[in-house]
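Reviewing the structure listed below.
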Amino acid sequence: MRLLLTHIHELYQTETVHRRTRVAGAEMAEMPKLHNAWLLIENGLIHSFGDMASMPEMHADETIDACGRLVLPAWCDSHTHLVFAAPREQEFEYRIKGMSYEEIARKGGGILNSARRLNETSEEALYDSAYERLLEVMAQGTGAIEIKSGYGLTTESELKMLRVIRKLKENAPVPVKASFLAAHAYPLEYKNDHEAYIKLIIEEMLPRVAGEGLADYMDAFCEEGFFSVADTDRLLEAGWKHGLKPKIHANQLHYSGGVQVGVKHNAVSVDHLECVGEAEIECLRNSNTIPTLLPGAAFFLGIQYQPARKIIDAGLPVCLATDYNPGTCPSGNVPLLLTMACTQLKMTPEEAVHAVTLNGAAAMELQNELGTIAVGKKANLILTKKMNSLAYIPYDFGNNPVHKMILNGVLY
């Protein structure tokens with residue numbers, strides 16, 4: 001199957017000779033592109049591309065005139081909690097009335113609320129609702145996604161969540177990565193015996209998760225009131241022993257030490273990062289770990305935004321992800337995320353798009369398959385509505401820029 005796009009107004013994220021695995025620092029403001037371009041897709045992969053003035057004669061099974069439209073790589077959303085049993089709008093009202101995240105958690109809300117509901121929900125029902133959410137975010141441009149467990153908090157429920165994620169992997173037309181996040185919160189029965197729960201994760205859950213091949217990554221919520229640096233250190237070490245690379249929640253509410261313990265264990269990414277100082281910057285500078293910012297959660301919780309400018313100006317890469325979850329960011333809308341990045345984090349449109357394409361792919365170790373327009377990469381692409389420039393996507397906030405999705409070379 002050969003699909004040809006012609007007269008593309010702007011073709012973004014093009015790569016010819018030098019293949020980048022991530023974009024950092026000042027380079028994030030530079031977006032390679034072609035004006036009035038063509039692109040040929042063959043058997044689900046990008047075959048070739050160039051400007052219309054030099055387009056050779058070629059055969060295609062289907063040709064699309066993209067006049068007035070942009071084409072760019074599909075979004076790579078590297079941090080979500082897409083599998084959950086029910087929304088938590090009551091907690092939204094609690095926060096409006098002045099309750100803090102910690103106070104809601106102490107009342108049995110938050111993660112424990114989601115865990116209680118998930119334990120009561122069948123695997124089939126969880127899959128059906130998660131697949132519906134996945135279709136929704138795909139329609140908004142998402143072409144690869146990471147999904148975490150962490151709303152089970154028992155061995156069987158964590159395995160149930162991960163089996164749902166595996167089924168999504170098998171059936172979805174986009175790449176899906178799975179993270180094991182039993183270290184998301186302490187269940188009520190372990191409220192006063194944290195050591196016992198950590199042992200349960202390490203000695204019972206991890207061997208079963210790894211034995212069934214249910215996860216790509218090991219995650220932990222390293223934060224005051226949740227899992228300490230010492231706890232996280234043990235958990236990540238145990239994950240490595242079972243072949244699970246770390247991707248952790250760090251520094252959302254406090255300067256928790258999460259960045260440092262993540263880097264110590266060569267984490268693929270450290271995510272949230274509302275609290276970042278010079279110590280965290282220096283630690284990240286000497287690592288391959290990708291800082292991943294989740295401004296949707298900061299927006300929804302009404303807390304401080306992540307210091308994206310400080311991180312980029314230090315020469316580091318920045319990844320953006322939605323944190324789609326039922327409690328603190330009930331949205332997987334990447335175009336809206338781009339608006340937040342530009343208006344609140346003061347990122348340029350080019351920086352923001354790099355952060356959800358190539359850097360998002362790198363945060364899932366998919367940088368060799370996705371994230372740029374390059375020969376041989378998977379043809380997961382966005383064909384936008386008619387617009388003049390990349391900046392129109394975050395400018396036109398709240399609206400979906402997608403005209404059509406191309407996934408595995410197939411037009412949706």
Side-chain angles (χ1 to χ4, degrees), residues 1-17 29-76 135-144 173-174 333-339 342 348-354 356-358 360-361 370-412:
M1 173 69 183
R2 288 162 66 94
L3 174 64
L4 176 64
L5 281 65
T6 62
H7 302 98
I8 301 165
H9 178 59
E10 302 279 8
L11 178 63
Y12 285 96
Q13 278 281 39
T14 54
E15 289 191 303
T16 53
V17 179
E30 301 170 4
M31 179 65 68
K33 65 180 180 180
L34 289 175
H35 178 71
N36 192 25
W38 60 272
L39 182 145
L40 178 64
I41 298 164
E42 183 176 65
N43 298 326
L45 303 177
I46 296 169
H47 177 277
S48 51
F49 56 89
D51 60 80
M52 288 299 299
S54 59
M55 187 179 81
E57 290 189 17
M58 63 185 78
H59 162 75
D61 298 289
E62 184 176 2
T63 300
I64 297 172
D65 185 344
C67 183
R69 305 185 192 278
L70 317 180
V71 172
L72 62 157
W75 318 130
C76 297
L135 292 176
E136 289 174 357
V137 299
M138 284 164 48
Q140 296 166 337
T142 296
V174 300
N333 187 327
V334 173
L336 182 58
L337 174 71
L338 295 175
T339 300
C342 293
T348 67
E350 291 80 7
E351 289 170 336
V353 168
H354 274 308
V356 293
T357 53
L358 183 54
L370 296 166
T372 61
I373 305 295
V375 173
K377 283 196 171 184
K378 189 185 294 288
N380 283 12
L381 309 171
I382 297 168
L383 176 62
T384 72
K385 297 173 182 176
K386 291 188 176 183
M387 58 185 69
N388 287 326
S389 72
L390 195 69
Y392 190 80
I393 296 175
Y395 163 80
D396 190 36
F397 80 95
N399 296 314
N400 187 359
V402 175
H403 173 61
K404 296 285 185 183
M405 288 296 293
I406 299 170
L407 299 174
N408 304 308
V410 177
L411 196 66
Y412 280 75

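Remark: the backbone N or O of H7 is not paired with any side-chain donor or acceptor of D65 at under 3.5 angstrom. A side-chain donor-acceptor contact under 3.5 Å links N380 to the backbone of G143. In this structure a side-chain-to-backbone donor-acceptor pair under 3.5 Å is present from R2 to H59. Looking only at distances, no side-chain donor or acceptor of W75 sits under 3.5 Å from a matching main-chain atom of I382. No side-chain donor-acceptor contact under 3.5 Å links K385 to the backbone of K404. Between the D51 side chain and the A53 main chain, a donor and an acceptor come within less than 3.5 Å of each other.
H354 and E30 share no donor-acceptor pair across their side chains, judged by distance under 3.5 Å alone. If you check the side chains of Q13 and T357, you find a donor sitting under 3.5 Å from an acceptor. At a cut-off of 3.5 Å, with distance as the only test, no side-chain donor of K33 or T14 sits close to an acceptor on the other residue.
To the nearest 0.5 Å, atoms CE (M387) and CG (D396) are separated by 7.0 Å. Interatomic distance, L39 CG to M55 CE, rounded to the nearest 0.5 Å: 11.5 Å. Summarising the geometry, atom OG belonging to S389 is positioned 7.5 Å from atom NE2 belonging to H9; distances are rounded to the nearest 0.5 Å. Atom CG in L135 sits 5.5 Å away from atom CE in M138 (nearest 0.5 Å).
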Trace of the side-chain contact (heavy atoms from CB on, under 4.5 Å) decision for L72 with L381: CA-CA 6 Å; L72 62 157; L381 309 171; over 6 Å; no
- prompt: Would V137 and N333 count as a side-chain contact (heavy atoms from CB on, under 4.5 Å) if you check the C-alpha gap in whole Å, the side-chain angles of each, and the deciding distance to 0.1 Å?
  reply: CA-CA 6 Å; V137 299; N333 187 327; over 6 Å; no
- request: Report the C-alpha separation of M58 and W38 in whole Å, then their side-chain angles, then the decisive distance to 0.1 Å, and conclude whether the side-chain contact (heavy atoms from CB on, under 4.5 Å) test is met.
  value: CA-CA 11 Å; M58 63 185 78; W38 60 272; 3.6 Å; yes
message: Let's go through H403 and T384 carefully: what are the C-alpha distance in whole Å and the side-chain angles of both, what is the deciding distance for side-chain contact (heavy atoms from CB on, under 4.5 Å) to 0.1 Å, and is it a yes or a no?
response: CA-CA 5 Å; H403 173 61; T384 72; 5.7 Å; no
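I406 places a side-chain heavy atom less than 4.5 Å from the side chain of I41. Residues N36 and I8 are not in side-chain contact: their nearest non-hydrogen atoms beyond the backbone lie 4.5 Å or more apart. Side chains of E15 and K377 form a contact here, defined as non-hydrogen atoms less than 4.5 Å apart. With a 4.5 Å cut-off on side-chain heavy atoms, L34 and F49 count as touching. Looking at heavy atoms from C-beta onward, E10 lies in side-chain contact with H35 at the 4.5 angstrom threshold. L383 places none of its side-chain heavy atoms less than 4.5 Å from the side chain of V402. Counting only heavy atoms from C-beta outward, the side chains of K386 and C67 never approach each other to under 4.5 Å. In this structure, the side chains of I64 and L3 come closer than 4.5 Å at one or more pairs of heavy atoms.
Nearest heavy atoms, P73 versus G371: CG-O, 3.6 Å. The heavy-atom pair separating M52 from A37 by the smallest distance is SD-O, 3.8 Å. Nearest heavy atoms, M31 versus L390: CE-CD2, 4.1 Å. Scanning both residues, L70 and Y12, for their nearest heavy atoms gives CD1-CE1, 3.9 Å. The shortest non-hydrogen separation linking A74 to M405 is CB-CE, 4.0 Å. In plain terms, the two heavy atoms of I393 and P335 that are nearest each other are CG2-CB, 4.5 Å.
No more than 12 heavy-atom neighbours from other residues, nucleotides or ligands sit within 6.0 angstrom of CZ on F397.
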